[in-house]
Amino acid sequence: MSVIVILLIASISVAALFLGAFIWNIKSGQYDDEYGSSVRILFDDTSKETKTK
Amino acid sequence: MEAQIAERVQCYHCGEDCNINPIQLDDKPFCCEGCKMVYSLLNKSGLCEYYDLNQNPGINQKIAVRQGKFAFLQDEKIVQQLISFKDETQSHVTLYLPQIHCSSCLWLLDNLPKLNADVISSKVNFVRKEVEIIFNHTKFSLEDVAILLTSIGYEPYISLNDLGKKKPRVSRKMIFQLGVAGFCFANVMLMSFPEYLGLEKSEEYLQYFFRYINLVLALPVFFYSAQPFYVSAWGSLKQKFLNIDAPIVLAIFVTFFRSLYEVLTSTGSGYFDSMTGIVFFMLIGRVLQDRTYQRLSFDRDYTSYFPIAVSVLKESKEIPTALPDVKVGDTLLIHNEELIPADGIITRSHGYIDYSFVTGESIPVTKEMGEIIYAGGKQKGANIELLVIKEVAQSYLTKLWNNGDSQKKEQLEKKSFVHALSRYFTVILFSIALITAIYWAFVDPTKIWSAVTAILIVACPCALLLSNTFTNGNVLRILSRNGFYLRNAETIEEIAKVDNVVFDKTGTLTNAHKHDIEYIGEKISKETEQQIAALASQSNHPLSRSLADFLGKNTAYSVADFSEETGKGTSGLVKNRHIAIGSAEFITGSKNEHEQGTRVYVSIDKHFTGYFTFKNHYRQVESCIDQLKNKVALSVISGDNASEKGALGRIFGTNSKLLFNQKPDDKLAYIQSLQKKGNTVMMLGDGLNDAAALMQSNVGVAITDDSNNFTPASDAILEAGKLNKLAGFIRICKLNKRIVIASFILSIIYNIIGLSFAVQGNLSPLIAAILMPSSSLSIILLTFGASNLLSKHEL
């Protein structure tokens, strides 16, 4: 069997993984609130600080 | 004089201007007790980062929310319908908080569990302005959640619309189908390259390998991704109508089965690359065209305006009752700032009702005991009691609304010109296929099959569908960027056909929140003006607020002995002068029956000095009206009296129709009469009283000052500030059709090239593979380029 066959199977599996990741992304609702996530990442996590005060 | 104008002091919480003596806490100024309360609450819980993220992020708390407002949430029946999930200890609820506006809001609401340990989690969806809260219902009720949110300034908006029906989730199926098609298309293309370039004899076994992989990859596209086309084509065939999807489905089927046959019999490599590509591109077009605006809703009916429950008085007890259970003969207790949900007669105290939801007019009207009031207004001031004379679903406005609704449905069967075009195309295509078949039957019968299938593959009207969906999608995008949001792509075609534009006046042509103010009477000094402003700024009446804005807000005077009579006027002592402003009756003691427009009378030390006149402030529409005047018939239809006829006449010219004193059903009848004459009518309005006319018109456009606001059901929503671009918007919609046709002509050229190969019976996969993407891509580029270029020119 030629090496190209193995390569192709590998490349399609990798692509299929990405397709799976894409579907998972959409299903989990990551694109439902585009603004929220972009802002949340900038918040400092101060929860522990304030509790120990 | 200058020394008297104090420096602007902004409330630390909400950013409103404070009075001369702001309330202080921790060296921070606050405009009112409410704002201070929120601050101290957040401070106590260590949530002051709220104020670091944005300056003055809070929501003004001057108008306090009534205690017991959420008492209806004690009703288990109502709670059950609001809660989306419930187990032994936890309840999930999604609440709409229209106040959400910045990252501080997001941060605070996400941190709700810190404020109260019984809130297990809360997550904001910023775009939808919703928060999903999970709370421990054994210790904390839904009412407590609502009170907690209200205490930090985010009063949940719970409307009748939330009752019962669950909102359908946004469908993501097409996105999945698109993803699968994209994956398969790209890989099929990859696998097809060896075939295009040719393989050496020694590697022939690879060819079969590639072909079978292509076949496997084409299966999900054929069975899953292409489903929307099958559904649409089948639906149209059932109605005995040939839409554009029917020939496309035919082409997909022919391509798939011919390719399948070729691969299985080892006679060729098939056209899987073309098939998957076509489906992929067409799906992109569909997704672009069907995009929705999450924060806008075009289908609002009266239930989203109405509260979920009201207080019914039974044996002098207030019983919160779900709105659908309110019966004729019940007595309702309407509190300050509450909506009147049903037509009724005032039985106690007097109403002071803001009908801005209904008419767009922001100045409240006074109603005395015994008068009938219609649903839709908002009570301002003291509580009133109301005897219900018509049930909620039977009230004047809701009946009108339902009326318009049923008539609209009949028009829904509008057919796009694209379908008609595709039908001609299909007829021509079949004739070519037939002629080719007959020709080969005589010359070389073995070639019939391959030639005919090749024709059907090459010449499917997918290019037409592509150009249509991509142009529509792009035009929708351009319009929405300019503040004009359309319900769907069909609306573009409807707008292009409009030959009659009808405007509502109040709130549409005029800005309900702005007035042109003029003072008439004895001369008063600048100082006195400032003193009047100080008095006016104490009142929450819209006219007082306008007046305070007009005269200058930041006066250094303080008001003593302030008193206000709802709907009549206010008075107070400013620098030991007694100043009073209000209605003619309040100031002069006698009613002025002949007054034109709205006036506020002034007296100083009991001496009548003059009055301010308030005229509607017209939005900037002159240039737009000028452009429209020559192209379409214009009319203005107003519920007000004819006092503004002169001003409107100057803007609209002599050829336009100006109608006054029109009731909501007159507006509806007017639209119907125009349509009977064969006109395609666009109606622009803003209030509930236009709702029926908006629905009846071919294109109903709701005008809004703030696109987050509630708008009546309509085909399009236009930001009020962009009204002057209306003429440009209409022109773009007209150009839309031309762009579609132009790109269609381009695609026909590709088709002719493809067909010239196909009729000879030697369409090689390579030619198909070059023609398909190049025609698709050039069409996409052409439509995007042309629509962007033209809209830049028009706007």
Side-chain angles (χ1 to χ4, degrees), chain A, chain B residues 43-50 52-54 100-111 113-114 123-132 169-170 172-184 186-188 190-191 194 199 202-203 205-206 209-210 213-214 216-217 220 294-295:
Chain A
M1 206 188 214
S2 166
V3 68
I4 197 162
V5 174
I6 300 165
L7 270 176
L8 279 174
I9 291 172
S11 87
I12 291 183
S13 329
V14 170
L17 274 181
F18 279 105
L19 177 67
F22 170 72
I23 291 175
W24 174 52
N25 273 352
I26 302 261
K27 268 208 172 136
S28 68
Q30 287 187 27
Y31 296 103
D32 284 5
D33 183 5
E34 290 149 13
Y35 180 84
S37 326
S38 69
V39 173
R40 272 193 198 99
I41 197 168
L42 299 173
F43 293 154
D44 295 326
D45 190 15
T46 51
S47 54
K48 276 159 208 149
E49 266 174 62
T50 44
K51 262 184 193 158
T52 49
K53 247 181 206 174
Chain B
N43 195 21
K44 216 169 67 193
S45 310
L47 291 171
C48 276
E49 195 182 333
Y50 182 59
D52 301 335
L53 291 165
N54 290 281
I100 294 178
H101 66 284
C102 67
S103 50
S104 286
C105 304
L106 185 92
W107 181 84
L108 179 61
L109 293 167
D110 272 357
N111 280 305
K114 280 188 203 156
K123 187 157 193 236
V124 175
N125 184 325
F126 190 85
V127 187
R128 300 170 73 93
K129 292 184 191 286
E130 280 174 355
V131 60
E132 198 194 342
R169 295 298 280 154
V170 186
R172 299 180 183 134
K173 198 172 176 198
M174 217 184 255
I175 304 280
F176 293 139
Q177 287 167 330
L178 179 66
V180 169
F183 163 77
C184 296
N187 283 297
V188 169
L190 190 69
M191 300 297 147
L199 285 164
S202 59
E203 288 174 323
Y205 72 96
L206 273 178
F209 176 71
F210 290 139
I213 286 191
N214 276 351
V216 171
L217 285 170
Q294 283 198 348
R295 63 205 174 96

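A, B, ... follow the sequence lines: proteins, then strands. Residue 1 opens every chain. In this text the structure is predicted, and so the values were computed from the model without any measurement.
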Side-chain donor-acceptor contacts of residues 10-26 of chain A below 3.5 Å, not counting sequence neighbours, with atom names and distances?
unit_1, atom_1, unit_2, atom_2, d
A/Ser11, OG, A/Leu8, O, 3.1
A/Ser13, OG, A/Ile9, O, 2.5
A/Asn25, OD1, A/Gln30, NE2, 3.3

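- Scored by the side chain to side chain donor-acceptor pair (under 3.5 Å) test, B/Asn43 finds B/Asp26 as partners (sequence neighbours excluded).
- Closest approach of A/Lys27 to B/Arg172, counting heavy atoms only: O-NH1, 3.4 Å.
- Closest heavy-atom contact between B/Leu106 and A/Gly36: CD2-O, 3.8 Å.
- Residues B/Phe209 and A/Val5 meet the side-chain proximity criterion, which asks for heavy atoms closer than 4.5 Å.
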